[in-house]
Amino acid sequence: MHGPLLAWYDRNKRDLPWRRTRDPYAIWLSEVMLQQTQVATVIPYWERFLARFPTVKALAAAPLDDVLSGWKGLGYYTRARNLHRAAQEVVERFGGKFPATAEELITLPGFGRYTAGAVASIAFGEPAPIVDGNVARVLSRLFEVEGLPGDRDREATLWALATALVQGERPGDFNQALMEHGATTCRPESPLCLLCPVRDGCFAYRKGRVDELPPAKVRAAPRKLFLALAVWPHAGTLLFARRADKGLFGGLWELPAVEVEEETSEADATQRLSTTLGAALTLEGTLDSVRRQLTHRDLTLRLLRVSGGPRPTHSTAFQELRWCTPQEAEALGMSTAMQRALDAALGHGVMASEAPVAPAKKAPGRGRKATER
DNA sequence: AAATCGTGGGA
DNA sequence: TTCCCAAGATT
């Protein structure tokens, strides 16, 4: 099946930007961005990021804030943090020369077995195996591998198969052929078996089990999470805070937030924010909540417009505090959820409703008039 | 080793 | 609207 699949790949592969380069750094970047993320989403991010950080040395030398800003909106932000750390290790441990073997690569932050094998095979031609979601699905069907995703025996079988299959011509292209086949033909729903180049050897196809392999993974119901956000305008700025490195949205900026319960009153939430920020806050009004559905979280952001003092510049509850104009805030690493909340606040005229500071600044035109309730 | 970590697109 | 989930790594 090695030959037919490779031939199919040569005829049918998509023209993706990272397939036009042999730069290990650029290929690595694509692999990290593609983790749990769809190709169409990654393409513009990859091009922008590469223009901003053209080499591993440039990335290593950049401030983490710039890296997180470049990752803004892509999700799984630990990837950006690990990418940055790994770039610095490439410079320090390997003299800026990208390590060429899976064995070395896997010692870098953010490199697991998959990413190490992908970079080693695609960028350096090492016959290193990979098993991602696509490959797992393709091999499960071809060889009728049983077991749920995550099952130890199943994973071991898949890696053993991938290891055996990648020995041969053009290991990087073969690995990509496996993935490409899984992404476009041997896809999860309604696979296109009539177009499959290796149908004759597929056990699941012969037995009519294509639709039942592999079994879908069981997913826990998302838990609810309520955050109360302080929308605190002053002199054309808003207060922003940097979250802890670990956990949800780690290291990203936000409108200062505290976790609350669904039934927590606005007054109590304001009090919690006062304590957290070390300031006496007055609730001036509320804005519509912003809801976001994450894989594991059902997120509700409750926006509280507040005033008060003294205005803090640091806090024990946050890594860092900063008063930023809306324009300055655009350069902060921020989750999409928080970006939506910020856009909502600005769109409702929270800057304009502030007592004007001479000379009066115009609120950014976000469309809607203030409809504060 | 089961849980955690985001997002946008498609059904 | 709601649900599902895609080129995984980390603890």
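Proteins get letters first, then strands, A, B, ... in listed order; numbering begins at 1 in each.
Both tests hold for A:Arg48 against A:Tyr45: distance to the six-membered ring centre under 6.0 Å, angle to the ring axis within 45°. Geometrically, A:Arg206 engages A:Phe203 in a cation-pi contact, judged by NZ or CZ lying under 6.0 Å from the ring centre and within 45° of the ring axis.
Nucleic acid contact for A:Trp18: base, since at least one base atom lies under 4.0 Å from a heavy atom of the residue. The residue A:Ile106 sits apart from the nucleic acid: no heavy atom pair falls under 4.0 Å. The residue A:Arg81 sits apart from the nucleic acid: no heavy atom pair falls under 4.0 Å. Residue-level contact check: A:Arg85 touches neither bases nor backbone, having no heavy atom under 4.0 Å from any strand. When heavy atoms are screened at a 4.0 angstrom cut-off, A:Gly247 is found touching the sugar-phosphate backbone but no base atom. Looking at heavy-atom distances under 4.0 Å, A:Ser30 makes no contact with the nucleic acid at all.
Distances shown here put a side-chain N or O of A:Tyr77 below 4.0 Å from the OP1 or OP2 atom of B:dT7. The side chain of A:Arg113 places no N or O atom within less than 4.0 Å of a non-bridging phosphate oxygen (OP1 or OP2) of C:dA9. An OP1 or OP2 oxygen of B:dA3 is reached within less than 4.0 angstrom by no side-chain nitrogen or oxygen of A:Arg223.
In the region residues 209-221 of chain A, proximity to DNA chain C at under 4.0 angstrom, judged on heavy atoms, holds for A:Ala216, A:Arg219. Within residues 163-196 of chain A, the residues approached by DNA chain C to less than 4.0 Å at the level of any non-hydrogen atom are A:Met179, A:Pro188, in residue-number order.
If you measure from atom CG of A:Leu294 to atom C1' of C:dC3, you get 14 Å, rounded to the nearest angstrom. Remark: P of B:dC5 and CG of A:Asp245 are 14 Å apart, rounded to the nearest angstrom. Between the CD atom of A:Glu155 and the C1' atom of B:dA1 there is a distance of 12 Å, given to the nearest Å. Across the protein-nucleic acid pair, A:Asp151 atom CG and B:dA2 atom P stand 10 Å apart, rounded to whole Å. A:Met334 has its CE atom 15 Å from the P atom of B:dG6, to the nearest Å. Distance CZ (A:Arg154) to C1' (B:dA1): 16 Å, rounded to an integer number of Å. Put simply, CZ on A:Phe111 is 20 Å from C1' on C:dT11, counting in whole angstrom units. Counting to the nearest Å, the C1' atom of C:dG8 and the CD1 atom of A:Ile130 are 12 Å from each other.
Between A:Leu105 and A:Ala120, the shortest heavy-atom contact is CD1-N, 3.8 Å. Shown here for A:Trp232 and A:Gly309, the closest heavy-atom pair between the two residues is CZ2-N, 4.0 Å. Between A:Ala228 and A:Ala269, the shortest heavy-atom distance links the atoms CB-CB, 3.9 Å. What you find for A:Leu229 and A:Leu255 is that their closest heavy atoms are CD2-O, 3.7 Å.
Nearest-nucleotide positions on DNA chain C for A:Lys246 and A:Leu34 put A:Leu34 closer to the 5' end.
A salt bridge links A:Glu254 with A:Arg243: the closest approach of a Lys/Arg side-chain nitrogen to an acidic carboxylate oxygen falls below 4.0 angstrom.
Between the side chain of A:Arg137 and the backbone N or O of A:Gly182, at least one donor-acceptor pair lies under 3.5 Å.
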List, one per line, each side-chain donor-acceptor pair under 3.5 Å for residues 65-73 of chain A, sequence neighbours excluded.
residue	atom	partner	partner atom	Å
A:Asp65	OD1	A:Arg242	NH1	3.2
A:Asp65	OD1	A:Arg242	NH2	3.0
A:Asp65	OD2	A:Arg242	NH2	3.2
A:Ser69	OG	A:Ala331	O	3.3
A:Trp71	NE1	A:Gly75	O	3.0
A:Lys72	NZ	A:Glu330	O	2.8
A:Lys72	NZ	A:Leu332	O	2.9

Sequence neighbours left out, cut at 3.5 Å: what donor-acceptor pairs do the side chains of residues 110-119 of chain A make with other protein atoms?
residue	atom	partner	partner atom	Å
A:Tyr114	OH	A:Glu31	OE1	2.6
A:Thr115	OG1	A:Gln35	NE2	3.0

Donor-acceptor pairs are to be reported for all side-chain atoms of residues 212-221 of chain A against protein atoms at under 3.5 Å, with residues two or more places apart or in another chain.
residue	atom	partner	partner atom	Å
A:Glu212	OE2	A:Arg209	NE	2.9
A:Glu212	OE2	A:Arg209	NH2	3.2

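Remark: the A:Thr41 side chain and the A:Gln38 side chain contain no N/O donor-acceptor pair separated by less than 3.5 Å. Side chains of A:Arg93 and A:Thr107: a donor on one and an acceptor on the other come within 3.5 Å.
In this structure, the nucleotide among B:dG6, C:dT10, B:dC5 sitting nearest to the side chain of A:Gln36 is B:dG6.
Comparing B:dG6 with C:dT11, their P atoms sit 14 Å apart, to the nearest whole Å.
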Might you list the N or O atoms of the protein lying below 3.5 Å from N or O atoms in nucleotides 8-11 of chain B, with each pair's distance?
residue	atom	partner	partner atom	Å
B:dG8	OP2	A:Arg292	NH2	3.3

